[in-house]
Protein chains: 4
Amino acid sequence: MIAKAKLATKPRKSPSQERSRATVDAIMQASTYILNEVGWGGLNTNAIAERAGVNIASLYQFFPNKQAVIAELQRRHVTSIRADIQHALQNISNQPTLRVALTVIVEMVVKEHQSAPEVHKAISEELPLSQRCKQYDQGEMLKEMVNALLPFMKNVPDPQLATYMVGISIKAIVHQVTNQRPELLNHSSLVDELVTLMERFLIRE
Amino acid sequence: MIAKAKLATKPRKSPSQERSRATVDAIMQASTYILNEVGWGGLNTNAIAERAGVNIASLYQFFPNKQAVIAELQRRHVTSIRADIQHALQNISNQPTLRVALTVIVEMVVKEHQSAPEVHKAISEELPLSQRCKQYDQGEMLKEMVNALLPFMKNVPDPQLATYMVGISIKAIVHQVTNQRPELLNHSSLVDELVTLMERFLIRE
Amino acid sequence: MIAKAKLATKPRKSPSQERSRATVDAIMQASTYILNEVGWGGLNTNAIAERAGVNIASLYQFFPNKQAVIAELQRRHVTSIRADIQHALQNISNQPTLRVALTVIVEMVVKEHQSAPEVHKAISEELPLSQRCKQYDQGEMLKEMVNALLPFMKNVPDPQLATYMVGISIKAIVHQVTNQRPELLNHSSLVDELVTLMERFLIRE
Amino acid sequence: MIAKAKLATKPRKSPSQERSRATVDAIMQASTYILNEVGWGGLNTNAIAERAGVNIASLYQFFPNKQAVIAELQRRHVTSIRADIQHALQNISNQPTLRVALTVIVEMVVKEHQSAPEVHKAISEELPLSQRCKQYDQGEMLKEMVNALLPFMKNVPDPQLATYMVGISIKAIVHQVTNQRPELLNHSSLVDELVTLMERFLIRE
DNA sequence: TATGAATGAGCGTTCATTCAT
DNA sequence: CATGAATGAACGCTCATTCAT
């Protein structure tokens, strides 16, 4: 018997009282802990509740189902970095040179990975892609990035495509480096090289 | 109680007769099917056996546990593309220009994604990273790529790092495009642009 | 592949409400029933839960595994008779003659076998010895028995050994008689003869 | 669902050929090994066959089912010691004194435990009693023992009962000592004391 | 409302036994 | 007939979720 289901992922009620918020926070923290220490296979609602120190029935008073817990986990992470992202993107156009603009972007992505590395790692490495919130990976920033970078480009036949490629590359490289060779992030040469990779691609002379 | 365990993932018995090889093949095929149609969450040994049309106990005569089934799935995929990879890598140095060499590499990666796209997608998008075989993601090809590309580079301060970055970028972009915008692969412009991205990074004049 | 494993046998949760105590009791009762009616081979957790009228998952909320159920079964039986044993042992020294003292002991053992005969039979005949709780067979009472009987002995070269032998004999005879020829227990001659066997061994004139 | 079944326990065919005998022997040896090293819980036909180095289907050509394997194991053990037992029993009446006669019996029982200690331990400690062949525990020797010992008894009100008790005691003590304190068997005092226990019970002056 | 208890459905795995070459 | 393969029926145990106090 093979079946697939879609469930509501909205939190059941907004934690208005302090007590409630603490409970939800504990659930989020516990979920992150388990994802990192045990992995996706160990992430079950009973374990989350136990680790969080809340009763399993309480968990279900704040979340309609397991999916909602996972969704909230991602929503929180996205929210926590969205401000940074927005801020960075808006500043890009004001930068004097492409090099500076790209540096801003790269550093933003790095920051994104370092702000809550466990959460990020848990989400990006343990959650099967089918469990991911659309918003999470999907760069809404793409359009904004295109607009921001367009003025700097020279001889780029398809700016949209180029931006797409640039976005993917930056994310992928920063992600891999963060998880496989974090020591490289300390040497500025990585950021430099990343910026160079993009710069030479977007300005072709 | 939170615990993590590692199990042997080697096949239990290698099928010697043809009948059993068919059984194992059916298991592999069924696993792939389920990963694609239902996702990681629906991949359980009973479902695999049922879909494969074999008894669950037969599955366990050839695989000591579920992990081993998953591992074999990955092993087979890696094996099936390793030949192509080896061949491509050995030919790189013989290419006249960097542009041609890079094109060979990119096309190899594209081929890798297209040879068994469902398997590849299933493994790379559904399997939590902690379930992946080490060999799978690990680019042994990195060293070889460095050697092959080194003669072509100009003004690259850290060829090792550059190659690492190039490798990640190509994989990431081809992967994302394959899964999100497969129509782009038909227009040669993507490959062209990818090659351009790399070429301008490795030859800086 | 041949392997042996030891698992924790401590109860997982102690039932705090009355409802759950009833559940645990039902599980114990069902286990005893199955051991008696079907035997060790039929003692599986699903059957226990079904017979107890509780959900299988409930069973596992109070017992971490099957072993724990079996262990608890034994623990309860031991506990239920320990009081009698203690009481009897403490009274031995106060008896006027060896004959009376031995009678007390024998009657205690008989009582032990009759207090919960099904449980006792199930445990002692169906449980492979490797499944037994250490405490169960282990006579802690040996030391106490030695001390109690010592003053009565005459010409016994090794009182320790003699007590050991006496203990084994009483248990074995009562056990076998209980299970094979229970009608003998009604005739007081058996107890008499048992006492005589011991008396003549411990007082040699 | 609770059910109980009785199956035929006769070997399917007598191993006439040499090859066959070797196979059966290997199966017996493997069963004993597993019983001792893993216990009753690990004794399954697949494991037996694997350990014996024979195909599982071959096992079922010599034994109709698992019960038959177990039965044969016991039958062989009984057979291997029956000669000794018969011999000893027939000699009892010819002994000059009760003390010598009892010594013969005790030494016979000791020998029985030492002749194939693993087999004996496996059968007596791991096999649930419901798996035992009737013949095994059941002393047919009882009647013979009564007859043999009767001439020596003095003032024993119920010789039948006394013999029954004596038989149980000897077996139980030797068994326990063998398994718990084997070092005691070397000191002759144990046998001496055992004989004394019986002697003073059967001759009351 | 917070909590201990409960549960249906199902998953990973085993085992006694039979089939087919 | 010896062997690899196959299988039905369980069994131990878990998990997402709900009930009841």
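In what follows, every heavy atom counts, from backbone to side chain, and hydrogens, waters and symmetry copies are set aside. Lettering follows sequence order; numbering is per chain, from 1. Remember, it's a predicted structure, so these values are computed and weren't measured experimentally.
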At under 4.0 Å between heavy atoms, what does B:Phe63 touch on the DNA or RNA strands: base, sugar-phosphate, or nothing?
-> nothing
Output for pair (B:Ile70 CD1, B:Leu73 CG), nearest 0.5 Å, gives 8.0 Å
Considering all heavy atoms of both residues, which atom of A:Ala47 and which atom of A:Gly42 are nearest to each other, and what is their separation?
-> CB-O, 4.0 Å
Could I get a table of every N or O pair under 3.5 Å where one atom is in the protein and the other is in nucleotides 19-21 of chain F?
none

Could you tell me whether B:Leu59 contacts a base, only the sugar-phosphate backbone, or nothing, with contacts defined as non-hydrogen atoms closer than 4.0 Å?
-> nothing
For D:Thr23, side chain to side chain donor-acceptor pair (under 3.5 Å) partners two or more places apart = none
Using a cut-off of strictly less than 4.0 Å, decide whether B:Thr23 has a side-chain nitrogen or oxygen near OP1 or OP2 of F:dA5.
-> no
N/O donor-acceptor pair, side chain D:Asn46 with base E:dA16, under 3.5 angstrom = yes
Of all the base pairs, Watson-Crick or G-U under 3.5 Å, which form stems of three or more consecutive pairs involving DNA chain F?
-> E:2-21 with F:2-21
Could I get the full list of side chain to side chain contact (heavy atoms under 4.5 Å, CB included) partners for C:Ser20, not counting sequence neighbours?
-> C:Pro15, C:Gln17, C:Phe62
Under the side chain to side chain donor-acceptor pair (under 3.5 Å) test, which residues partner C:Arg19, sequence neighbours left out?
-> none
Does the F:dA10 base have a donor-acceptor partner in the side chain of C:Asn44 within less than 3.5 Å?
-> no
For a quick test of your reading: what N or O donor-acceptor pairs under 3.5 Å do the side chains of residues 24-32 of chain A make, sequence neighbours left out?
unit_1	atom_1	unit_2	atom_2	d
A:Asp25	OD1	A:Arg76	NH1	2.7
A:Asp25	OD1	A:Arg76	NH2	3.4
A:Ser31	OG	A:Ile27	O	2.8
A:Thr32	OG1	A:Met28	O	3.0

Mapping B:Ser58 and C:Leu43 to their closest nucleotides on DNA chain F, which lands nearer the 5' end?
-> B:Ser58
From the list A:Thr45, A:Val69, A:Ile48, side-chain contact (heavy atoms from CB on, under 4.5 Å) with A:Phe63 holds only for A:Val69
Rounded to the nearest angstrom, tell me the gap between atom CD1 in C:Ile56 and atom C1' in F:dA10.
-> 12 Å
Calculate the interatomic distance between D:Ile34 atom CD1 and E:dC15 atom P; express it in whole Å.
-> 10 Å
C:Ser20 side chain N/O closer than 4.0 Å to the phosphate oxygens (OP1, OP2) of E:dA6?
-> no
Rounded to the nearest angstrom, tell me the gap between atom CH2 in B:Trp40 and atom C1' in E:dC11.
-> 13 Å
How far does CD of B:Glu50 sit from CG of B:Asn44, to the nearest 0.5 angstrom?
-> 9.0 Å
Closer to the 5' end of DNA chain E via nearest nucleotide, is it B:Tyr60 or A:Gly53?
-> A:Gly53
Could you state the atom-to-atom distance from CG of C:Asn65 to C1' of E:dG12 in whole Å?
-> 16 Å
Euclidean distance, atom CZ of residue B:Phe62 to atom C1' of E:dT13 [Å, nearest integer] | 16 Å
Value in whole Å for how far the C1' atom of E:dT14 lies from NZ of C:Lys66 | 12 Å
Distance col, row A:Ile34:CD1 vs A:Leu43:CG, nearest 0.5 angstrom, shows 6.0 Å
Distance (rounded to the nearest 0.5 Å) between C:Gln74 CD and C:His120 NE2 | 11.0 Å
Using atom CD of A:Gln61 as one end and atom C1' of F:dT17 as the other, report the distance to the nearest whole Å.
-> 13 Å
Rounded to whole angstrom units, what separation is found between the CD atom of B:Glu50 and the C1' atom of E:dC11?
-> 13 Å
A:Thr45 vs C:Gly41, nearer the 5' end of DNA chain F by closest nucleotide | C:Gly41
